[in-house]
**Student:** 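Below you will find the structure I want to go over with you.
For clarity, every value in this text was computed on a predicted model and none was experimentally measured. In what follows, chains carry the letters A, B, and so on, assigned in the order in which the sequence lines appear, proteins first and then strands, with residues in each chain numbered from 1.
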Protein chains: 2
Amino acid sequence: MNLKQLSEMLGLSQTTVSRALNGYPEVNEATRERVLRAVQETGYRPNKAAQRLATGKAGSIGLVMPTAPGHYSDVHFGEFLTGLGEEAVRHDFHFVIMPADPDDEVGALRRLAISGNVDALFVAYMRGHDPRLPLLKSLSIPFLVHGRSFGTEPDYPYLDIDNEGAFYDATRLLLQLGHTRFCLLNGPEHLDFAIRRRKGVVSALAERGLTLPDDCTSHMSMTDEHGQFAMERFLQLAEPPTAILCSSTVLALGAIRAVTQAGLKLGEDISLIAHDDVLPHLKPENFSVPLTTTRSSLRAAGVRIAERLIGTVKQDGPFPEQELWKTELIVRASTGAAPR
Amino acid sequence: MNLKQLSEMLGLSQTTVSRALNGYPEVNEATRERVLRAVQETGYRPNKAAQRLATGKAGSIGLVMPTAPGHYSDVHFGEFLTGLGEEAVRHDFHFVIMPADPDDEVGALRRLAISGNVDALFVAYMRGHDPRLPLLKSLSIPFLVHGRSFGTEPDYPYLDIDNEGAFYDATRLLLQLGHTRFCLLNGPEHLDFAIRRRKGVVSALAERGLTLPDDCTSHMSMTDEHGQFAMERFLQLAEPPTAILCSSTVLALGAIRAVTQAGLKLGEDISLIAHDDVLPHLKPENFSVPLTTTRSSLRAAGVRIAERLIGTVKQDGPFPEQELWKTELIVRASTGAAPR
DNA sequence: CCGAAATTCCAAAGCGCTTTGACAACTAAC
DNA sequence: GTTAGTTGTCAAAGCGCTTTGGAATTTCGG
């Protein structure tokens, strides 16, 4: 069933039917009702490709998903996508997801943009000096960045959380509790959030004249396995840490396993603060020792990003603005006074 | 840059350029090279919407993602998507993801199908008597189901794992170890895999004249929180279980927490077997007591499904076939002889 | 009852691509 | 030197929709 058939069926022109459907005023109410009823009955749906071709709008936002045989799927990705979707469904938007080799993200992004398949782009997992940013800026299609890119002039639209502030605050809390030996379980080194979190820790320590040695920092993709492994190494240092900063509750899961297996007590022998993206399947309050966290909902960020991106597309407005969310520092049982 | 401009630039007709690009034989090799070089230089990319309109093919597979404010994002979803993507990227396919209210999945699927935006459909999270199946069958667009639908004639293309067999085998192992009091931590009651797994357990028990009482079964969405909660209740039964079957490692995570907090030892006081979807961030071998599991890689299933779906679309072939994967039963330390 | 304004509808062009059918131009064959 | 067969190219139609400019119909003041 297409427009032509539908209009023939109704004895109207395609124009009139199209207008009736798209809410134009110059069509009789009775006629519109008749059209709407016919649509109900026949189950007619306009062909999106044709619509796209004619209007230039597709009702879709595009994103590339890095993927490869060895590539870890990221728990955080799904949660974020759910947030995006939650908002998108309200506007009848959909996503075009282009899987891409992690080495060719820029190319994939470029292809996606000029394929004419999407109205706007979204990118995440930002790195320092991210090469996708110059591309996006040159593309004249709305886009929004989740995170920022360290080392790039922040003149692009983004939504980020205050990673540096979060870890600065967390570190300060631990300092106030008397800790002096810190370790950082961080995400992959090149990622922007990892850079900033490290910065937060370092600057809080610096205020007390402390430093964060290289062997007290671990950069890795955020799985519990890696968390455990890194923590085991930390515990074997000549002067093992009493305070741990951790970039994800998933990492914390593994780290805590290592702590427990070493016969140490969380919140007594070792204090730990993790960043909590509010993953529904991994709640820090449910850990056997509830976790002190810096919290910011990933899903909420998704909702907000979709909201702004769709808004931009719909009213053809200017590109979205910049937004920086504060995190909450929530104290639970995994932090305590430094052992003496 | 569009075809017309490109062809004018080259002094050729649109036809010739189009043919050169799409590998048709009736074009001079020299001309083809010239065209290809121009494409390189200008960065020309055909407009997908137009291509879609002209050919009827979009190079995309569609899926609906249930989403709502209260809806849990599913760890398994991301992992599976990664698998799909891994294969899709090899064929320059992309996904169109339509977020949808969980109450309107059928409608969303329908809209997606007749929007003309996708070449094939994929559905998962099958339920008993799934209402999407009749729709899909009537739609004359290739589709593939992950899982099956209990109670529906299995005359549709699917890829499923042998859930019943997996839990039958697991239960038998526990029986052989002398266990007699079983509990099942299962996924949501209406989902097909939950139905079949339960069936597997029940029939293995029946062979020994045992039954699975209602208060020894728990159906819930698969988060560690739910796992813990359900396990706590099991442990308060008049005759607490010594053997636990568990539909996911995420559930197991919570369940084990409850076991530990009750002062019981996994693998001694309580034996547990979980189904392992091979989530990269939650490996059963890394649990403090490594988990005995029934294993089947969710990602591998994604790869395979994409492979078959894309194959079908590309050669316009018949709809994909049916496939049933066996699971592996891997014994680790979480299972042991029943305590006496 | 007439002319102008307002209302309702339509024919046709265009979005960017693929594909059909035809046409030159050039070879090979008789 | 004509005919038949290739080869490389093109003009034009069509995919299903939106939208422009104009025509037909209705409404209404005078």
**Student:** Just compare D:dC15, D:dT18, C:dT20 and give me whichever is closest to any side-chain atom of A:S18.
**Tutor:** D:dT18

**Student:** For B:N28 and for A:M1, find the nucleotide of DNA chain D with the closest heavy atom, then tell me which residue's nucleotide is more 5'.
**Tutor:** B:N28

**Student:** Looking at B:T55 and C:dT19, is any side-chain donor or acceptor paired with a base atom of the opposite kind under 3.5 Å?
**Tutor:** no

**Student:** Starting from P on D:dG14, measure out to CG on A:L3 and report it in whole angstrom.
**Tutor:** 18 Å

**Student:** With a 4.0 Å cut-off, would you call B:R127 and B:D192 a salt bridge?
**Tutor:** no

**Student:** If you check the A:Y44 side chain, which of D:dG8, D:dC17, C:dA11 turns out closest?
**Tutor:** D:dC17

**Student:** What integer distance in Å separates A:Q51:CD from D:dC17:C1'?
**Tutor:** 7 Å

**Student:** Is any side-chain nitrogen or oxygen of A:Q14 closer than 4.0 Å to OP1 or OP2 of D:dC17?
**Tutor:** no

**Student:** Which of these nucleotides, D:dC17, C:dC9, C:dC15, is closest to any side-chain atom of A:N2?
**Tutor:** D:dC17

**Student:** From the list C:dC10, C:dT19, C:dC15, which nucleotide is the closest neighbour of the side chain of B:T15?
**Tutor:** C:dT19

**Student:** Within this structure, what is the CG-to-C1' distance between B:L53 and D:dT18, rounded to whole angstrom?
**Tutor:** 13 Å

**Student:** Distance check needed: C:dG16 P versus B:Q5 CD, whole Å only.
**Tutor:** 8 Å

**Student:** I want to check one thing: is the phosphate of C:dC10, taken as OP1 and OP2, less than 4.0 Å away from some side-chain N or O of A:T16?
**Tutor:** yes

**Student:** Ignoring backbone atoms, test whether A:Y24 places a side-chain nitrogen or oxygen under 4.0 Å from the OP1 or OP2 oxygen of D:dT19.
**Tutor:** yes

**Student:** Does any non-hydrogen side-chain atom of A:R110 lie less than 4.5 Å from one of A:L135?
**Tutor:** yes

**Student:** Pairing donors with acceptors under 3.5 angstrom, does anything connect the side chains of B:T15 and B:S18?
**Tutor:** no

**Student:** Tell me the interatomic distance from B:R45, atom CZ, to C:dC17, atom C1', rounded to whole angstroms.
**Tutor:** 15 Å

**Student:** Side chain of B:S13, heavy atoms from C-beta onward: which of D:dT20, D:dA11, C:dC15 has the nearest atom to it?
**Tutor:** D:dA11

**Student:** Are A:R90 and B:D101 close enough for a salt bridge, meaning some N to O gap below 4.0 Å?
**Tutor:** no

**Student:** Between A:N22 and D:dT18, is there a contact of a side-chain N or O with OP1 or OP2 at under 4.0 Å?
**Tutor:** yes

**Student:** Assign A:E26 to base, sugar-phosphate, or nothing according to its heavy-atom contacts below 4.0 angstrom with the strands shown.
**Tutor:** base

**Student:** To the nearest angstrom, how far is B:R19 atom CZ from C:dC17 atom P?
**Tutor:** 16 Å

**Student:** Can you tell me how far C1' of C:dG16 sits from CG of A:N117, to the nearest Å?
**Tutor:** 13 Å

**Student:** In whole Å, I'd like the distance from the CD atom of B:E29 to the P atom of D:dT9.
**Tutor:** 11 Å

**Student:** Quick one: pull up OG1 in A:T312 and CD in A:E307 and give me the separation to the nearest 0.5 Å.
**Tutor:** 10.5 Å

